[in-house]
Amino acid sequence: MNRMSRFNVTAIALGFAFLYLPILLLIIYSFNESKLVTVWAGFSTKWYREVWNNQGLMDAAWVTIRVGLLAATVATVLGTLAALALTRFTKFRGRTLFSGMVYAPLVMPDVIIGLSLLLLFVAAGFDRGFWTITMAHITLTMCFVTVVVQSRLLSMDRSIEEAAMDLGATPLKTFLQVTLPVIAPAVVSGWMLAFTLSLDDLVIANFTSGPGATTLPMKIYSQVRLGVTPEINAVSTILVAIVATGVIIASVLTKRREVQRRRDEQAAFAQ
Amino acid sequence: MTKLSNALFNRLVIAIPYIWLIIFFMVPFFIVLRISFSQTAIAMPPYLPVFSLSDGWQGFWDNIGQLSFDNYIWLTEDALYINAYISSLTIAFISTCLTLLIGYPIAYGMARAPTSIRPTLLMLVILPFWTSFLIRVYAWIAILKPEGFLNQFLQAIGIIDDPLIILNTNIAVYIGIVYSYLPFMVLPLYSTLEKMDESLIEAAGDLGCPPLKAFWTITFPLSLPGVIAGFLLVFIPTVGEFVIPDLLGGSSTLMIGKTLWTEFNANRDWPVSAAVAIILLLVLVIPIAIFQNAQAKAAQQ
């Protein structure tokens with residue numbers, strides 16, 4: 001066990017303070033009685049009631065959740081297939097283009113993705129709204145799923161796949177019964193990443209949505225432009241709480257699974 | 001029969017995501033390129049010419065003749081756009097360097113922490129990344145406002161008498177970028193630093209090398225892949241950033257993502273915004289290519 005130097009402890013402490021203090025302040029002041037966000041006037045949960053009664057916000061939240069669930073699910077299927085294609089087939093025509101298209105959206109500025117997809121939807125004559133946002137989010141988030149799943153596929157032991165194939169399993173059966181269970185944690189975290197990215201996106205949704213569909217980030221953005229309000233603090237706190245709970249549960253589950261797997265392996269070796 | 005279905009499965013694994021990306025990534029790119037050569041029109045869609053299958057070949061060639069470089073010439077003539085590109089690159093470069101300066105010690109500290117607490121530290125760095133970008137930027141408005149938390153704090157401890165004006169300046173933009181993109185810098189740095197063989201540093205120390213020199217001659221060069229990955233992961237998206245300059249920056253903060261957004265949403269000039277996007281892509285094509293190369297290499301290893 002190595003002892004941590006004072007420098008390292010300070011660096012981590014300051015770093016985490018910087019990362020968490022703004023969110024903490026935002027959460028604390030969502031329970032503020034006063035309408036002024038930066039002046040404390042006593043504890044109150046009235047802004048949460050206001051959020052609950054704000055039909056516009058609730059509608060937007062519902063649209064966002066539906067888009068997120070659908071986009072994340074389709075993106076996970078497409079992203080997993082793309083990861084499989086990139087890791088298991090090292091040579092096929094257009095592979096360079098394919099890997100280029102997978103990695104480019106990871107760093108491409110949102111404004112470009114949003115603009116280009118909007119122009120596609122206009123050219124194709126699609127009505128803009130729920131479905132166009134969903135399709136845009138699938139395209140953006142599948143690339144993140146691919147990266148997550150790909151790293152798991154690369155680190156997994158391929159000999160069990162080969163064994164299954166040698167014993168006569170079809171590629172589909174091998175994938176479903178051998179590969180998928182092994183990469184399942186990565187697929188799940190890929191789905192979660194896709195869902196949160198979709199939940200979070202403002203720029204692409206704003207470009208690709210129509211008059212009928214407003215997502216929560218679009219709603220928050222239009223209110224934030226008018227100034228900081230405790231109501232937005234309350235919405236943000238709810239979102240942060242949901243995401244934090246999800247991430248913590250997921251990490252506890254994977255940890256438990258890891259421990260279980262190690263135990264199984266040890267048991268197998270002991271025999 | 002089974003052989004056929006096996007081949008079909010393999011084909012589909014490649015074809016389904018491939019076709020999706022062609023339709024939703026490649027084709028839109030060419031549409032942007034095409035519209036960047038069109039003219040603005042008061043119509044829906046607001047540009048000319050509009051290609052249509054019903055025009056036949058003759059109509060197609062007529063339309064081709066109408067395409068022009070006017071939008072690009074317009075971009076070079078109006079100083080606003082050139083300044084916006086230059087200022088985007090400058091702001092992105094400065095803030096990426098700041099992110100590196102702040103992120104490196106954190107990643108270093110994490111990589112040297114006891115192995116038992118490393119996963120927790122890692123999760124604590126990733127967690128803010130999962131919470132909404134918009135909310136994290138929004139949180140800074142209340143801190144940086146003239147009557148915000150930072151000024152309240154500084155006035156309370158007596159460092160300043162009059163509130164500092166930070167919100168709606170470039171400084172606020174730098175803070176927002178560093179804050180939002182810090183995890184993207186820390187994670188690749190951490191993963192290279194963690195893999196590093198610590199005995200090298202010990203050997204250098206045993207041979208009488210001072211710690212700082214050991215850092216610059218051993219640790220830093222070995223962590224360069226992480227530095228480059230982190231730098232690109234922060235720099236490329238920052239150049240086209242919209243939310244941060246819009247919410248934290250002021251009217252004098254010029255960034256191309258914001259310019260494109262206004263050109264499109266407020267001025268409804270689709271051809272010019274398409275041209276702005278194409279130039280932005282050209283500016284970013286080299287860093288994106290380096291990033292993809294690194295990604296593909298990492299994936300192969």
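Labels below follow one simple rule: chain letters A, B, ... track the order of the sequence lines, proteins then strands, and each chain is numbered from 1.
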* Evaluation steps, ring pair (Phe, Tyr, Trp, His ring centres under 6.0 Å), between A:Phe89 and A:Phe98 -> CA-CA 12 Å; A:Phe89 305 102; A:Phe98 185 56; over 10 Å; no
* Check against side chain to side chain contact (heavy atoms under 4.5 Å, CB included), B:Leu21 and B:Met26 -> CA-CA 7 Å; B:Leu21 284 172; B:Met26 222 47 212; over 6 Å; no
* **B:Phe242 vs B:Met255, side chain to side chain contact (heavy atoms under 4.5 Å, CB included): CA-CA, chis, key distance, verdict** => CA-CA 8 Å; B:Phe242 164 73; B:Met255 282 191 84; over 6 Å; no
* **Verdict with reasoning, B:Ser180 to B:Val137, per side chain to side chain contact (heavy atoms under 4.5 Å, CB included)** => CA-CA 7 Å; B:Ser180 308; B:Val137 175; 3.9 Å; yes
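Only the side chain of A:Leu118 comes within contact range of chain B, with heavy atoms under 4.5 Å apart. Of the atoms belonging to B:Leu134, heavy atoms from both backbone and side chain fall under 4.5 Å from chain A. When heavy atoms are compared at a cutoff of 4.5 Å, B:Ile143 approaches chain A solely by way of its side chain, counted from C-beta outward. The parts of A:Asn233 that come within reach of chain B are both its backbone and its side chain, each placing non-hydrogen atoms under 4.5 angstrom from that chain. Residue contact with chain A, scored on non-hydrogen atoms closer than 4.5 Å, involves the side chain of B:Leu260 exclusively. Neither the backbone nor the side chain of B:Asn293 comes within less than 4.5 Å of any heavy atom in chain A. Both the backbone and the side chain of A:Met192 come within less than 4.5 Å of a heavy atom of chain B. Using a 4.5 Å cut-off between heavy atoms, A:Val102 contacts chain B through both its backbone and its side chain. For B:Phe133, the parts sitting under 4.5 Å from any heavy atom of chain A are the backbone and the side chain alike. Residue A:Leu26 touches chain B through its side chain alone, counting heavy-atom pairs closer than 4.5 Å. A:Leu86 does not touch chain B: none of its heavy atoms, backbone or side chain, sits under 4.5 Å away. Both the backbone and the side chain of A:Leu19 come within less than 4.5 Å of a heavy atom of chain B. Looking at A:Ser236, the atoms closer than 4.5 Å to chain B (heavy atoms on both sides) sit in the backbone and in the side chain alike. Neither the backbone nor the side chain of B:Glu241 comes within contact range of chain A; no heavy atoms are under 4.5 Å apart. With a 4.5 angstrom heavy-atom cutoff, B:Leu124 touches chain A via backbone and side-chain atoms both. Interface remark: A:Phe92 contributes side-chain atoms only to the contact with chain B (heavy atom separation under 4.5 Å). For A:Tyr29, the part lying near chain B is the side chain, with the backbone staying farther off; criterion is any non-hydrogen pair under 4.5 Å.
Annotation: A:Tyr103 is not in aromatic contact with B:Phe291 [ring centroid separation under 6.0 Å not met]. Here B:Trp270 and B:Phe264 bring their ring centres to under 6.0 angstrom of each other. In this structure, A:Phe207 has its ring center at least 6.0 angstrom away from the ring center of A:Phe121.
Taking B:Val32, B:Ile135, B:Val178 one by one and counting their heavy-atom pairs under 4.5 Å with chain A, the maximum is reached by B:Ile135. Put simply, of A:Ile220, A:Leu115, A:Leu21, the one with the most heavy-atom pairs under 4.5 Å next to chain B is A:Leu115. When each of A:Ala123, A:Pro109, A:Ala124 is scored by its heavy-atom pairs under 4.5 Å with chain B, the top score falls to A:Pro109. Contacts with chain A were tallied for B:Trp261, B:Tyr108, B:Trp140; B:Trp261 has the most, counting heavy-atom pairs under 4.5 Å. In terms of non-hydrogen atom pairs under 4.5 Å with chain B, the most contact-rich of A:Gly246, A:Ala244, A:Gly94 is A:Gly94. For chain B, the option among A:Leu239, A:Ile232, A:Leu84 with the highest count of heavy-atom pairs below 4.5 Å is A:Ile232. In terms of non-hydrogen atom pairs under 4.5 Å with chain A, the most contact-rich of B:Ile22, B:Leu232, B:Leu284, B:Val239 is B:Ile22. Considering only heavy-atom pairs separated by less than 4.5 Å from chain A, the leading option among B:Leu233, B:Leu281, B:Ile288, B:Val243 is B:Leu281. When the candidates B:Phe24, B:Tyr179, B:Phe29 are compared by the number of heavy-atom contacts under 4.5 Å with chain A, B:Tyr179 comes out ahead. Between chain B and the residues A:Asp201, A:Thr139, A:Val243, the largest count of heavy-atom pairs under 4.5 Å involves A:Thr139. For the set B:Val276, B:Ile102, B:Leu12, B:Val125, the count of heavy-atom pairs under 4.5 angstrom toward chain A peaks at B:Val125. Interface check for chain B: of the options A:Leu197, A:Ile248, A:Leu193, the most heavy-atom pairs under 4.5 Å are formed by A:Leu193.
Rounding to the nearest 0.5 angstrom, the gap separating the OG1 atom in A:Thr170 from the NZ atom in A:Lys173 is 7.0 Å.
A donor-acceptor contact shorter than 3.5 Å is absent between the side chain of A:Ser198 and the backbone of A:Ala194. In this structure a side-chain-to-backbone donor-acceptor pair under 3.5 Å is missing from B:Asp269 to B:Glu263.
Using a 30° and 60° split on the angle between ring planes, A:Tyr20 and A:Phe16 fall in the perpendicular class, above 60°.
Taking all atoms of both residues into account, the shortest heavy-atom contact from A:Ile138 to A:Ala75 is O-CB, 3.9 Å.
Other residues, nucleotides and ligands contribute more than 12 heavy atoms inside 6.0 Å of the CG atom of B:Leu282. Within a 6.0 Å sphere centred on CG of A:Asp127, heavy atoms belonging to other residues, nucleotides or ligands number 12 at most.
No hydrogens or angles considered: a donor-acceptor pair under 3.5 Å links the side chains of A:Arg152 and A:Ser155. Side-chain polar atoms of A:Trp40 and A:Ser34 form no donor-acceptor pair below 3.5 angstrom.
Cation-pi check for B:Arg34 over B:Phe30 is not met; the charged atom does not lie both under 6.0 angstrom from the ring centroid and within 45 degrees of its normal.
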